[in-house]
Number of protein chains: 2
Amino acid sequence: MPSSPTRAEQRAASARRILDAARAEFAAHGYESTTIRAVAARAGVDPALVMQHHGSKAALFRSAARLDAVTSEEVGSHLDDVVASRVAGLPPELHALVRSMLTVPEATDAMREYLDDRVANLARSTPGPDAELRAALTVCAILGLTLGRHFLRLGALEQGSAEDVSRVARAWLAARSEDAEPPEDRPED
Amino acid sequence: MPSSPTRAEQRAASARRILDAARAEFAAHGYESTTIRAVAARAGVDPALVMQHHGSKAALFRSAARLDAVTSEEVGSHLDDVVASRVAGLPPELHALVRSMLTVPEATDAMREYLDDRVANLARSTPGPDAELRAALTVCAILGLTLGRHFLRLGALEQGSAEDVSRVARAWLAARSEDAEPPEDRPED
DNA sequence: TCATCTACTCATCGCTTGTTGAGCCAACCT
DNA sequence: AGGTTGGCTCAACAAGCGATGAGTAGATGA
């Protein structure tokens with residue numbers, strides 16, 4: 001049997017369970033509809049403990065929806081890998097962020113910063129006129145695809161297997177872009 | 001000077017001001033963050049009057065974000081017109097609906113129903129394999145464009161004039177449906 | 001072993017929310 | 001003119017929220 005955990009271990013375990021619970025709740029219901037009480041219940045702790053760990057609901061959301069680890073995420077370097085990754089599913093912290101990006105100003109800002117960065121990167125490897133605009137269209141198309149499949153659950157996008165949707169989406173995005181597409185790319189979304 | 005308005009006129013005027021105020025508040029802050037008190041204040045009436053008119057906050061949102069008039073909207077019959085319309089700006093009731101589509105289940109359902117319909121229509125005039133999937137990609141791309149320009153306010157999409165963005169977006173979309181495009185289309189989004 | 005420290009809970013506060021019912025006042029009808 | 005209707009407001013309620021501070025129990029270290 002495992003010996004009783006040390007106090008630091010216990011603390012860390014609680015911290016992670018609280019953060020996981022917060023990500024799940026924020027991802028499922030959005031910022032406003034998520035209550036500290038619900039997060040605490042899911043984590044199996046007292047609501048006051050959540051406050052002790054994070055200080056406020058806003059700070060908890062900031063920690064739960066952090067973008068830091070996402071930038072250098074599992075997302076591959078090629079645009080096709082990004083599409084495949086987004087079609088397969090979103091990591092919990094991104095899910096929480098996207099869920100609230102239209103209703104929480106701070107989330108809107110974070111998402112804009114994140115996407116603007118992706119647009120700038122993609123535009124750098126996009127030749128021809130209106131490079132930035134067209135890069136933005138690609139980024140927004142992937143965003144729309146993500147929303148349609150995982151949040152709105154559109155029939156045409158939800159039913160297909162990840163492989164099918166991913167394949168068609170990649171072909172659709174690549175269409176007629178005889179202008180771009182160097183062999184090595186930067187991470188995009 | 002105008003004679004004192006009749007009781008029915010007064011009632012109708014209040015009803016419209018309440019509905020306009022509700023649309024503006026829901027569009028700006030989303031369902032959860034919008035309060036009956038804020039709607040009433042914007043309309044210049046007592047909160048209780050809002051309740052008397054609509055019965056509940058949920059019913060008010062249902063009335064404010066109605067899709068009925070949108071389906072046969074100003075949106076033209078050609079896909080290009082839809083793009084131009086979406087780039088130019090959203091009507092208030094659609095704005096309110098989109099704002100809350102990720103956080104309010106009923107809004108999610110309404111949006112799914114709306115977009116699924118658009119996908120089905122567009123798929124009907126899309127030749128080749130994976131017609132429905134590719135139609136869904138087009139619809140989601142326009143959704144993403146709308147979000148990027150009016151809600152997330154991405155730099156690349158917000159700065160450009162409506163004409164420029166619309167023109168580049170139409171060309172970008174046309175390149176991705178080179179096989180389709182009969183001269184006359186059905187209304188899409 | 002015993003005092004201390006700390007992770008955690010309990011009870012509760014103040015506030016805001018949606019919602020309600022009683023009451024007021026001007027328009028209405030005869 | 002005078003009783004009645006109805007649009008509207010006022011005051012308040014119950015519920016749920018985020019947040020706080022005191023208290024408890026068990027691990028910790030000398």
Side-chain angles (χ1 to χ4, degrees), chain A residues 1-23 25-26 28-65 96 100 103-107, chain B residues 1-23 25-26 28-65 96 100 103-107:
Chain A
M1 62 192 72
S3 64
S4 65
T6 109
R7 208 131 62 166
E9 287 171 342
Q10 186 70 275
R11 182 73 170 174
S14 292
R16 190 165 54 206
R17 280 170 51 211
I18 288 174
L19 199 61
D20 287 348
R23 288 199 172 117
E25 288 291 319
F26 282 136
H29 310 112
Y31 178 77
E32 330 269 8
S33 296
T34 294
T35 65
I36 297 283
R37 285 167 168 83
V39 171
R42 182 186 274 254
V45 299
D46 190 273
L49 187 61
V50 177
M51 298 302 296
Q52 186 180 113
H53 272 260
H54 291 93
S56 72
K57 183 186 177 183
L60 173 61
F61 180 73
R62 252 175 267 129
S63 301
S100 295
T103 41
V104 178
E106 194 178 352
Chain B
M1 64 191 72
S3 65
S4 65
T6 111
R7 207 133 63 168
E9 287 171 341
Q10 187 70 273
R11 181 72 171 175
S14 292
R16 190 165 53 207
R17 279 170 52 210
I18 289 173
L19 198 61
D20 287 347
R23 288 201 171 115
E25 288 291 320
F26 283 137
H29 311 113
Y31 178 78
E32 329 269 8
S33 296
T34 294
T35 65
I36 297 283
R37 283 168 170 83
V39 171
R42 182 186 274 253
V45 299
D46 190 273
L49 187 62
V50 178
M51 299 301 297
Q52 185 180 112
H53 272 261
H54 291 92
S56 72
K57 184 185 176 183
L60 173 62
F61 180 74
R62 251 175 268 130
S63 300
S100 295
T103 39
V104 178
E106 193 177 353

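Reminder, nothing fancy here: chain letters follow the sequence lines and each chain counts from 1.
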Using side-chain contact (heavy atoms from CB on, under 4.5 Å), reason through B:Glu32 and B:Thr103 one step at a time and then give a plain yes or no. CA-CA 8 Å; B:Glu32 329 269 8; B:Thr103 39; 4.3 Å; yes
Do you know which two heavy atoms are closest between A:Ala40 and A:Val50, and how far apart they sit? CB-CG2, 3.8 Å
Answer yes or no: does a side-chain N or O of [X] lie under 4.0 Å from OP1 or OP2 of [N]?
X: B:Arg7; N: D:dC8; answer: no
X: B:Thr6; N: C:dA27; answer: no
X: A:His53; N: C:dC8; answer: yes

Can you pull out the residues from residues 36-48 of chain B that lie within a 4.0 Å heavy-atom distance of DNA chain C? B:Ile36, B:Arg37, B:Ala48
Over how many whole Å does the gap from [X] atom [atom1] to [N] atom [atom2] extend?
X: A:Met51; N: D:dC17; atom1: CE; atom2: C1'; value: 11 Å
X: A:Tyr31; N: D:dC17; atom1: OH; atom2: C1'; value: 11 Å
X: B:Leu60; N: C:dT17; atom1: CG; atom2: P; value: 15 Å
X: B:Glu32; N: C:dG18; atom1: CD; atom2: C1'; value: 13 Å
X: A:Gln52; N: D:dG23; atom1: CD; atom2: P; value: 16 Å
X: B:Lys57; N: C:dT20; atom1: NZ; atom2: C1'; value: 18 Å

Value rounded to 0.5 Å, distance of NE2 in B:His29 from OG in B:Ser100: 11.5 Å
Choose from [options] the nucleotide whose nearest atom is closest to any side-chain atom of [X].
X: A:Leu49; options: C:dT20, C:dT9, D:dC8; value: C:dT9
X: B:Arg11; options: C:dC8, D:dG7, D:dC17; value: D:dG7
X: A:Ser14; options: C:dC8, D:dC17, D:dA19; value: C:dC8

Just to verify, which of B:Arg37, B:Arg42, B:Lys57 counts as forming a salt bridge (charged side-chain N to carboxylate O under 4.0 Å, His left out) with B:Glu25? B:Arg42
With under 30° as parallel and over 60° as perpendicular, where do the rings of B:Phe26 and B:Tyr31 fit, or are they tilted in between? parallel
Return yes if a side-chain donor-acceptor contact under 3.5 Å exists between A:Arg62 and A:His54, otherwise no. no
Mind checking if B:Thr34 touches a base, just sugar-phosphate, or nothing, with heavy atoms under 4.0 Å? sugar-phosphate
If you look only at distance, which donor and acceptor atoms sit under 3.5 Å apart when one is on a side chain in residues 13-20 of chain B and the other is two or more places apart or in another chain?
| residue | atom | partner | partner atom | Å |
| --- | --- | --- | --- | --- |
| B:Ser14 | OG | B:Gln10 | O | 3.2 |
| B:Arg17 | NE | B:Ala43 | O | 3.4 |
| B:Arg17 | NH2 | B:Ala43 | O | 2.4 |

